[in-house]
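What follows is a single structure, written as structure tokens, with notes after it.
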2 protein chains.
Amino acid sequence: MTQHLELVQSLRQAGHRLTPQRESVLAVIADSHEHLSAEEILARVRKRYPYLNKSAVYRSLELLTELGLVTLTDLGHGRVEYELHRHPHHHHLVCRKCKSVQQIDHRLFQNLQKKLESDFGFRADLDHFAIFGTCRKCSTRTAKNPKRHSH
Amino acid sequence: MTQHLELVQSLRQAGHRLTPQRESVLAVIADSHEHLSAEEILARVRKRYPYLNKSAVYRSLELLTELGLVTLTDLGHGRVEYELHRHPHHHHLVCRKCKSVQQIDHRLFQNLQKKLESDFGFRADLDHFAIFGTCRKCSTRTAKNPKRHSH
DNA sequence: TTAAGTGCAAATCATTTGCATGGAT
DNA sequence: ATCCATGCAAATGATTTGCACTTAA
């Protein structure tokens, strides 16, 4: 409901039409402070605006992501998740064992980001970055048995 | 064919059986210096050892990954890819526009890795790390038109 | 008006799973 | 001899697509 207007501007300026479907998808993402899957977005939009199709969600998300208004992260949940592209950014530490997700500050990555740009000319999309590994809890009880999953 | 033996040891020590299927999957990964999808692995194994099923590949990969012998990376190709867990590590810069993949040295990440461990107790699996962004070439011709994909 | 966008239902495609059989230990 | 592992075929589940219809500009 807040940055909503500017976002809608960006859409138009890039030469795209503003449809109620696109607008509602954007609104739901902008109103949420967590990452949402396509299906969750569909469900939330439909609460207020039932005229929305799954395909339209995917097509809107593709567009919004490409315009940089929304970012996409694979947190290992078997589907991709979306967030508004906010500033400042944050990142995610994803534990492979217990699947927990912990947020960390963007500043941890600033050095790396600068170096990638200066050394390689590569502009890293370092927001909503997912780093996989083992969290503190799971590290302590690691490599004890051949069991497949701990959850 | 090289580290093969040690790898097979690890399997046994973790309490798993050594089947020809598992061994051949491991051999193919160990012999390759590129990242391979499950399907590519299946195809390569079958050249020499036709008695292999898709499910066995997936189940072997799950196990090998869990044992840390193999690492899994999502390079945005719509499927996960596997590599032998080698030292020293390297990482991948993946361009969202042209889909190019550029390898970079593991040392760029050492500071970050240490900090994640000291600050959060998080052991990041920072090998075969995929960083998405825009490569130098694509940066220069960016944001010119509303076209979806540039490839 | 008219190209861009949507709805719908079917298609894809990687990965997973149930169950009967086989084989490593 | 036992249970773990495999083969097979069917299921799953996210995402994509073809096409006729609608609508924002």
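So you know, we letter chains A, B, ... as the sequences are listed, proteins then strands, and number each from 1.
- Comment: Arg44(A) engages Glu34(A) in a salt bridge, judged by a side-chain N to carboxylate O separation of less than 4.0 angstrom.
- At whole-Å resolution of the value, CG in Leu36(A) and P in dT15(D) are 13 Å apart.
- Per the geometry, CD belonging to Glu62(A) stands 14 Å off C1' belonging to dT6(C), to the nearest Å.
- The listed nucleotides are dT15(C), dG7(D), dA14(D); the one nearest the side chain of Arg79(A) is dA14(D).
- Atom-to-atom, CG of Leu72(A) to C1' of dT15(D) comes out at 12 Å; the value is rounded to the nearest Å.
- Between Ser32(A) and Arg86(A), the shortest heavy-atom distance links the atoms O-NH2, 2.8 Å.
- If you measure from atom NZ of Lys54(A) to atom C1' of dA9(C), you get 9 Å, rounded to the nearest angstrom.
- Of the two residues contacting DNA chain C, namely Glu81(B) and Gln21(B), the nearest-nucleotide position lying further toward the 5' end is that of Glu81(B).
- No salt bridge links Arg59(B) with Glu66(B); every basic N to acidic carboxylate O contact stays at or beyond 4.0 Å.
- Straight-line distance from the CG atom of Leu61(B) to the P atom of dA5(D): 15 Å, rounded to whole Å.
- Applying the 3.5 Å distance criterion, the base of dA9(D) shares a donor-acceptor pair with the side chain of Ser55(B).
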Nucleic acid footprint by protein, nucleotides 19-25 of chain D - heavy-atom cut-off 4.0 Å, B for base, S for sugar-phosphate alone: ----BBS
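- Using the six-membered ring where Trp is involved, His128(A) and His85(A) have ring planes that are tilted, between 30° and 60° apart.
- Within the 4.0 Å cut-off from OP1 or OP2 of dT15(C), at least one side-chain nitrogen or oxygen of Tyr58(B) is found.
- Between the NE2 atom of His77(A) and the P atom of dG13(D) there is a distance of 16 Å, given to the nearest Å.
- Across the protein-nucleic acid pair, Glu39(B) atom CD and dC13(C) atom C1' stand 9 Å apart, rounded to whole Å.
- Using cut-offs of 30° and 60° for the angle between ring planes, the His89(B) and His106(B) rings count as perpendicular.
- Between the C1' atom of dA14(D) and the CG atom of Leu75(A) lies a distance of 16 Å, rounded to the nearest Å.
- Using the six-membered ring where Trp is involved, Phe129(A) and Phe109(A) have ring planes that are perpendicular, over 60° apart on the 30 and 60° scheme.
- Counting only distance, with no hydrogens or angles, the side chain of Glu40(B) and the backbone of Ser37(B) share a donor-acceptor pair below 3.5 Å.
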